[in-house]
Novice: 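I have a structure I would like to understand better, so I am pasting it below and will then ask my questions one at a time.
Please read these numbers as outputs of a predicted model, since none were measured by experiment. Heavy atoms only: backbone and side chains are in, while hydrogens, waters and symmetry mates are out. Counting starts at 1 for both ligands and their atoms, following the listed order. Counting begins at 1 with the first residue of the sequence.
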Amino acid sequence: MSETILKAEHVKMYFPVRGTFGKVINHVKAVDDVSLELKRGETYGLVGETGCGKSTLGRTLIRLLSATEGKIYYKRTDLMALSSADMRKMRRELQMVFQDPYTSLDPRMRAGDILTEILDIQGIGNRDSRMADALAILEKVGLLPEHFYRFPHEFSGGQRQRIGLARALILNPELVICDEPVSALDVSVQSQIINLLLDMQEERGLTYLFISHDMSVIRYIANRVGVMYLGHLVEEAPVDELFDHPVHPYTKVLLSAVPSDDPHVKKDRIILEGDMPSPLNPPAGCPFCTRCPYVTERCKEEKPEVSYINTEHRVYCHLTKP
Ligand code: SF4
């Protein structure tokens, strides 16, 4: 098995809610006690419905947000113990591709300036070498030298996401958090960007945390998958095992919505009642207990502990543990 490149232990990300006079009256529990490991060179798919905390977890893992509790190690370095200056240096290795390539690019800056600015901030090279590096990465992501001088509004959505990818890769990182990088794009463009991500991974040995709500995209790109619900990781397994033998009731719900490859096979979609509870006021027991078809009294009172189906497949559900 490959080396662990990033390890998160019991990470919590709570956002304070302030009342009168700025007093903290509650917390939004966006990420609640998540532990996971990313292996060098893999794509770890993080999946769940909107609002489940997957984007917040992605940002927290590379310290774009400061975790409320828990530990995050990148290689052997404790990221939460780094000073701001040391974290800035570490950014060379930890990058992010954002969902909306339009709002994540400064509309007043030309594509080339967006790229050279990153090298400038890191103190890399001089004016000429930065421009050469920017042109080289533009070419790598399938853009042309003349695109260096264009503004974000002059590009299509797919081209803007190529610039987003170039911006993440120009520092030659090791780990890239891809936060729904294709969900704002047309289906025909999605596959181009996904294949570009895979090409770059093969060429550079990149590790991806790929965040998506689309199980079909996850199946195509991921090696392992983590399923999130209401700030919790509820199941994790290698991609084929998760799709072929899901254990957690929520994973089964997500998979029931994925169309079958065989048009003759009709799948019974499981429809959930109600909405996901607010992370301001999550259930005391299992996070899924308000919607789970198999809920028991125990589920409402007791958070499920981890159960290992095998060494690579873990699940948080009382049904899997006596
Ligand atoms: Fe459903 Fe209970 Fe399992 Fe939670 S612990 S997923 S409520 S059966």
Novice: Taking atom 3 (Fe) of ligand 1 as the center, what protein N, O or S atoms are found at less than 2.8 Å?
Specialist: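 Less than 2.8 Å away from atom 3 (Fe) of ligand 1 sit C317 SG.
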Novice: Please determine which of R91, K75, R92 meets the salt bridge (charged side-chain N to carboxylate O under 4.0 Å, His left out) test together with E174.
Specialist: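 Considering R91, K75, R92, a salt bridge (charged side-chain N to carboxylate O under 4.0 Å, His left out) with E174 is found only for K75.
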Novice: Taking the six-membered ring for Trp, are Y229 and F288 parallel (under 30°), tilted (30 to 60°) or perpendicular (over 60°)?
Specialist: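 Perpendicular.
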Novice: So, E93 versus Y74: side-chain donor-acceptor pair below 3.5 Å or not?
Specialist: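 There is such a pair (donor and acceptor under 3.5 Å, judged by atom type) between the side chains of E93 and Y74.
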Novice: Got a second to check how far L6's CG is from L79's CG, nearest 0.5 Å?
Specialist: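 The CG atom of L6 sits 6.5 Å away from the CG atom of L79.
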Novice: If you measure from OG1 on T116 to CG on L135, what distance do you get to the nearest 0.5 Å?
Specialist: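 One finds 10.0 Å between OG1 of T116 and CG of L135.
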Novice: Going by salt bridge (charged side-chain N to carboxylate O under 4.0 Å, His left out), R224 matches just one of E241, E42, E312. Which one?
Specialist: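 Between R224 and the candidates, salt bridge (charged side-chain N to carboxylate O under 4.0 Å, His left out) is satisfied uniquely by E42.
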